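See structure below.
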There are 2 protein chains.
Amino acid sequence: MATTSATSPEKPMRQQMEEYINKLQDTIVGAFEKLDPTSPKFKRDSWVRPQGGTGRSCVFASQPDTTSFTNNGGVSSANSSQNTQETILEKAGVNISIVHGILPPAALKQMRSDHTSIPLPETTEGLPFFAAGISLVVHPRNPHAPTVHANYRYFEITERSPTLMKTGEEKDEPSDNPEPSSPKILAWWFGGGADLTPSYLYQEDAVHFHKTLRNACALHSSALHSAFKKWCDEYFYIPHRGETRGVGGIFFDDLNDGQHVRLPGSDLDPQSTRPKTPQEIFAFVTSLGDAFVPSYLPVLEKRHSIPYTPHQRRWQLLRRGRYVEFNLVYDRGTKFGLMTPGARIESILMSLPETARWEYMSEMDEGEEEKKLLEVLKVPVDWVNFMG
Amino acid sequence: MATTSATSPEKPMRQQMEEYINKLQDTIVGAFEKLDPTSPKFKRDSWVRPQGGTGRSCVFASQPDTTSFTNNGGVSSANSSQNTQETILEKAGVNISIVHGILPPAALKQMRSDHTSIPLPETTEGLPFFAAGISLVVHPRNPHAPTVHANYRYFEITERSPTLMKTGEEKDEPSDNPEPSSPKILAWWFGGGADLTPSYLYQEDAVHFHKTLRNACALHSSALHSAFKKWCDEYFYIPHRGETRGVGGIFFDDLNDGQHVRLPGSDLDPQSTRPKTPQEIFAFVTSLGDAFVPSYLPVLEKRHSIPYTPHQRRWQLLRRGRYVEFNLVYDRGTKFGLMTPGARIESILMSLPETARWEYMSEMDEGEEEKKLLEVLKVPVDWVNFMG
């Protein structure tokens with residue numbers, strides 16, 4: 001059971017995770033800034049959640065290009081694209097948040113299906129939670145360079161502190177008293193993943209991305225990668241389009257020391273161990289987090305300066321329309337966020353591309369290159385074992 | 001009760017509605033084509049629903065402007081915007097559909113809350129339905145010209161035909177046997193509305209649009225407009241933005257001869273009659289349908305050639321992002337459509353703009369004009385009685 005062991009010998013896991021995602025955010029933003037040194041820096045923006053918690057957004061936005069707003073009509077500005085600096089990225093966000101508060105009984109009830117160690121909410125009172133996570137989305141400008149998304153998070157549900165239990169009236173934990181003497185952890189888990197969304201398919205990029213993630217997984221268990229790769233293909237599926245959002249990666253949730261529905265064999269077969277303790281799973285998550293830069297940056301470096309045509313840009317914007325459709329219609333995190341009163345909408349919708357396009361019965365001539373992408377979105381590929 | 005009266009002396013209501021929306025589609029498309037005679041015509045496209053039904057899409061799409069795809073990077077085509085013809089509309093669709101089939105018990109159960117004349121689904125069998133409707137969305141190119149949406153529909157649920165009742169196995173009514181000798185109508189209702197979404201607020205446009213709709217309503221009852229105007233403001237609300245999609249119009253659903261939750265007074269007060277029979281409500285709906293062109297075309301005519309700046313185009317594209325957010329996250333018709341197996345996705349997503357834009361913490365200087373719009377989106381205005 002997931003009750004007592006969520007601390008390392010030295011530091012509580014929440015603190016370890018917080019320190020890790022802080023460092024990872026700097027590493028990732030630093031890597032992008034180094035790749036494109038003449039471009040403006042990411043904008044750093046720290047915020048405080050009134051209900052409890054803090055965060056730091058690092059966001060990149062390209063200067064609006066006035067030529068794209070005249071759009072064959074209206075008043076065109078005299079000095080247009082020649083004056084605007086070209087940047088590798090079009091829109092990107094690398095955000096961390098460390099939040100805490102009280103989960104209402106309805107939310108706890110829903111979580112119990114995956115976390116039976118959460119006690120049944122007896123009354124109308126909720127339970128304290130803590131969540132620390134990093135979330136990033138990068139949309140490059142060049143249609144040959146893929147969009148990437150990654151997200152790693154740690155979640156805890158704890159006992160109500162004696163003060164809270166006595167009065168039982170607070171709706172949220174007071175923000176000046178965030179961690180009253182290490183409350184007992186009732187449930188904990190990690191979740192996350194990373195996935196790649198190209199507009200044009202370069203098979204070697206998909207192979208490189210998947211292999212880098214596979215190698216990170218393999219440091220911890222041979223059972224993890226194939227299960228979480230499959231989960232990713234299933235999660236990022238757009239039913240109304242009959243295609244996946246991109247070429248996948250890995251996706252996992254609810255990972256702790258209990259039985260896991262996606263890893264049934266590994267719990268029975270002593271040969272195939274997998275990370276179980278908080279410290280072991282944290283090590284797995286940090287391997288994946290550390291793998292982000294090597295999984296993606298070499299791809300971006302190869303693709304960002306390939307010449308592209310207006311036709312290719314148009315295709316990219318149509319594909320970004322599909323990205324918007326997935327995120328607004330299906331993504332659980334986005335939907336949950338939009339329904340949360342007081343949520344930071346700008347952070348939740350940071351994942352949306354700068355520009356997206358919808359054409360009715362698109363009359364684009366889908367050439368060989370466009371069709372190549374659509375094929376792998378309809379039938380996911382086992383990229384790690386891909387032979388070309 | 002809504003059982004026997006849904007036919008006129010001459011023709012079944014389904015036929016009257018079908019004929020009306022066919023004519024209205026031609027009238028509306030004709031009005032747009034007359035306004036912009038040098039622009040390409042709407043594309044007519046008839047389709048057949050394999051499960052039963054037909055439809056006709058009339059769609060306008062502007063020629064993709066290659067300058068907007070170079071976006072300060074990549075290979076720019078030599079002959080760009082100068083060669084592209086400017087059109088008043090950017091993207092528009094005026095669609096009709098006449099469909100029938102079998103509604104599954106789960107759908108019937110949900111509809112019973114508003115239509116108690118639907119019998120409780122006894123077994124796993126469903127009941128036949130018929131739906132005829134017109135749906136339109138027009139996104140003009142010029143940021144000073146508002147987007148408009150309208151939609152009118154008639155819905156029937158009927159008894160199962162003797163053949164269907166005997167075998168009880170068909171999942172859908174055979175398309176070669178659509179209306180076996182006028183089956184008994186168990187429930188019927190009309191729904192619809194029209195609403196305006198400007199990027200820049202011209203108060204006189206909102207007043208004109210609302211007054212035209214009010215006058216159409218007032219031909220039939222004094223009780224209708226204020227109730228359905230209010231419903232519209234509530235329906236097109238985007239909770240996560242704390243604003244409405246646009247400046248409203250009217251919205252109604254489930255209108256038949258029964259008690260209506262939005263029109264409580266009118267059923268008790270004999271002074272305030274309202275349309276109740278199918279023929280009376282059909283007359284109300286045709287008045288509204290007929291009011292579309294006079295409500296919107298004069299506005300478009302006044303605004304489509306006002307010079308605009310890149311700043312104003314950018315603001316328009318950001319507002320279109322909000323339009324996408326409403327339609328994909330909240331619109332009941334869109335959500336229902338996306339979840340319907342075999343639905344025509346292109347028709348459902350026709351409402352989305354050609355281009356939409358999202359900026360993180362948009363740094364646009366919201367000037368007086370932008371703020372004027374945001375104010376009326378946060379607190380809906382009684383436009384019919386607006387005094388400036």
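Being a predicted model, the structure only gives us computed values, none of them experimental. Chain naming here is simple, since letters A, B, ... match the order of the sequence lines and numbering starts at 1 in each.
Interface check for chain B: of the options M350(A), M339(A), E346(A), the most heavy-atom pairs under 4.5 Å are formed by E346(A). In terms of heavy-atom pairs under 4.5 angstrom with chain B, the leader among I348(A), D45(A), L349(A), T334(A) is L349(A).
Side chain to side chain, R49(A) and T54(A) fail the donor-acceptor criterion of an N or O pair below 3.5 Å. N327(B) and R245(B) share a donor-acceptor pair across their side chains, judged by distance under 3.5 Å alone. Neither side chain, H144(B) nor Y308(B), offers a donor N or O lying under 3.5 Å from an acceptor on the other. Between S351(A) and Y323(A), the side chains place no donor N or O within less than 3.5 Å of an acceptor N or O (distance only, hydrogens not considered).
The contact list for residues 234-242 of chain B toward chain A, using heavy atoms and a distance under 4.5 Å, reads H240(B), R241(B) by residue number.
When heavy atoms are compared at a cutoff of 4.5 Å, L318(A) does not approach chain B at all. Of the atoms belonging to L328(A), heavy atoms from both backbone and side chain fall under 4.5 Å from chain B. Interface remark: A61(B) contributes no atoms to any contact with chain A (heavy atom separation under 4.5 Å). If you measure heavy-atom distances from I345(B) to chain A, the contacts under 4.5 Å come from the side chain alone.
Look at R314(B) and E359(B) and you find a salt bridge, because one of the NZ, NE, NH1 or NH2 atoms lies within 4.0 Å of a carboxylate O, short of that distance. Remark: E90(A) engages R320(A) in a salt bridge, criterion side-chain N to carboxylate O under 4.0 Å.
To the nearest 0.5 Å, atom CD1 of residue I134(A) and atom CD of residue Q25(A) are 5.5 Å apart.
Checked by atom type and distance alone, the side chain of E354(A) never pairs as donor or acceptor with a backbone atom of R357(B) at under 3.5 Å.
By the side chain to side chain contact (heavy atoms under 4.5 Å, CB included) test, S199(A) pairs with W315(A), Q316(A), R319(A), sequence neighbours left out.
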